[in-house]
Amino acid sequence: HIAVFLNLFEEHLDYYKTMDKYFLAKTHIGSNQKAGDFLLLGENVPGFASPAEKIVIKEAEASRVKLKVPGRHNEVNANFVLKIACDLLGCNREKALESLEKFEGLDHRLQFVGEKNGILFYDDSISTIPQATIMAANSIKNVKTILVGGMDRGIDYSLLVSFIRDRSDINFIFMYDSGKRIFEEAMRPSNGFYVRDLKEGVQLSKDITGKGEVCLLSPAAPSYGFFKNFEERGTAFKTFAMED
């Protein structure tokens, strides 16, 4: 009776092949909805027919929410939660806000790993698209080094390439197949380094990231072919980060 379609970005095209087919698959979340049901949409979701009442939540209009998980995008997500819990299901708003404020997030989603030799390590292994990496970089203070790359599905990385060129204050360590392509498309930037794998990347990050600065794993690519899944990749990052 209540469905959520948060956003639409170029993702999973190794399976769906085209954005039209991927969009169609995502619209199926509302396939069995009827009049009187509710469909919550992010502002970049294209229109599609549905008998449910549509509620669009825009970032500019989303209220600020005190969260332990960083990032404006997570505040927007919290607004979806509040709309459903309080406005549609009648939960107490104060208690809902209290629960959100206590929520510490999930593993591998902008998760603080720990400090090693003064460097702060964050695990965002869930990141498999350029937009996720850019949001992660803008969500955490003092990001100095970002580890990028994994399986190459052939998606458009021009948005991330532009971000890399604009952010000369950040070191980018490129890994694996997609990392190599992004490195080349960015024309081998002076703030970029190519390494073979995640272990080498973390080792390098410890040499080029200063005390009090952040090293962030946010690959903008899937882990397949190199790890079983993003969880295994994130766990490996945590291990490498805390090693001497």
Side-chain angles (χ1 to χ4, degrees), residues 66-75 77 100-152 160 163-164 167-180 182-183 186 189-244:
K66 187 187 296 183
L67 300 172
K68 291 184 177 180
V69 291
R72 176 60 178 161
H73 61 293
N74 280 318
E75 290 184 341
N77 292 348
L100 284 170
E101 289 176 10
K102 291 180 179 178
F103 179 59
E104 295 185 353
L106 301 176
D107 288 351
H108 316 301
R109 294 161 173 85
L110 282 179
Q111 180 187 26
F112 177 58
V113 172
E115 180 179 335
K116 187 69 175 179
N117 299 328
I119 301 171
L120 308 175
F121 289 89
Y122 280 81
D123 169 14
D124 192 39
S125 185
I126 188 69
S127 159
T128 57
I129 56 175
Q131 291 87 347
T133 298
I134 294 169
M135 284 190 288
N138 291 330
S139 297
I140 299 174
K141 294 181 180 179
N142 298 324
V143 173
K144 185 61 178 179
T145 303
I146 302 178
L147 295 141
V148 173
M151 173 187 174
D152 188 356
L160 182 57
F163 180 77
I164 292 166
R167 295 302 302 268
S168 58
D169 58 312
I170 297 177
N171 298 313
F172 291 89
I173 298 177
F174 303 98
M175 314 169 291
Y176 304 112
D177 298 340
S178 62
K180 186 174 183 179
I182 298 166
F183 184 48
S190 59
N191 58 327
F193 307 84
Y194 180 74
V195 298
R196 290 179 302 177
D197 55 29
L198 180 58
K199 186 170 186 177
E200 281 192 15
V202 175
Q203 289 172 341
L204 176 58
S205 75
K206 293 178 180 180
D207 293 331
I208 62 177
T209 311
K211 291 184 177 180
E213 295 177 334
V214 169
C215 172
L216 168 68
L217 169 68
S218 192
S223 60
Y224 305 126
F226 310 104
F227 297 94
K228 180 180 178 182
N229 48 40
F230 75 88
E231 291 97 338
E232 185 179 77
R233 175 171 63 186
T235 299
F237 171 71
K238 293 176 183 180
T239 299
F240 299 148
M242 294 298 105
E243 286 179 344
D244 292 326

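Remember, predicted model here, so these are calculated numbers, not experimental data.
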Is there a side-chain contact between [X] and [Y] (heavy atoms, below 4.5 Å)?
X: I134; Y: R167; result: no
X: T128; Y: P219; result: no
X: L120; Y: E213; result: no
X: V113; Y: F237; result: yes
X: Y194; Y: K180; result: yes
X: V69; Y: L106; result: no
X: V148; Y: I173; result: no
X: I146; Y: Y122; result: no

Using modelled atom types only, decide if a donor and an acceptor are shared between the side chain of [X] and the backbone of [Y] within a distance under 3.5 Å.
X: N191; Y: I170; value: yes
X: Y176; Y: L198; value: yes
X: D124; Y: L110; value: yes
X: S205; Y: C215; value: no

### Query
Could D197 and K199 be called an ion pair, given the rule that one side-chain N must be under 4.0 Å from one carboxylate O?
no
Taking every non-hydrogen atom, the tightest pair across [X] and [Y]:
X: N229; Y: S223; result: C-OG, 2.9 Å
X: S218; Y: T133; result: O-OG1, 2.9 Å
X: S178; Y: G150; result: OG-N, 2.8 Å
X: F183; Y: F193; result: CE1-N, 4.3 Å
X: A236; Y: F227; result: CB-CE2, 3.8 Å
X: K206; Y: A241; result: NZ-O, 3.2 Å

Once rounded to the nearest 0.5 Å, what's the spacing between atom [atom1] of [X] and atom [atom2] of [Y]?
X: M175; Y: L204; atom1: CE; atom2: CG; value: 11.0 Å
X: F121; Y: K238; atom1: CZ; atom2: NZ; value: 13.5 Å
X: L147; Y: S127; atom1: CG; atom2: OG; value: 11.5 Å
X: I119; Y: N142; atom1: CD1; atom2: CG; value: 13.0 Å
X: M135; Y: H73; atom1: CE; atom2: NE2; value: 5.0 Å

### Task
Have a look at S125 and tell me which of H108, E232, E231, Q111 forms a side-chain contact (heavy atoms from CB on, under 4.5 Å) with it.
H108
Got a sec: does the [atom1] of [X] have more than 12 other heavy atoms crowding it under 6.0 Å?
X: K144; atom1: NZ; value: yes
X: R72; atom1: CZ; value: yes
X: F112; atom1: CZ; value: yes

#### Entry: Audit row: D244, K116, salt bridge (charged side-chain N to carboxylate O under 4.0 Å, His left out) steps and yes/no
CA-CA 8 Å; D244 292 326; K116 187 69 175 179; 2.6 Å; yes
### Message
Under the criterion side-chain contact (heavy atoms from CB on, under 4.5 Å), I'd like the reasoning laid out for T145 against V214: C-alpha separation, chi angles, the key distance, then a yes or no.
### Response
CA-CA 7 Å; T145 303; V214 169; over 6 Å; no
### Task
For R109 and F230, run side-chain contact (heavy atoms from CB on, under 4.5 Å): C-alpha distance rounded to whole Å, both residues' side-chain angles, the deciding distance at 0.1 Å, then the answer.
CA-CA 10 Å; R109 294 161 173 85; F230 75 88; 3.8 Å; yes
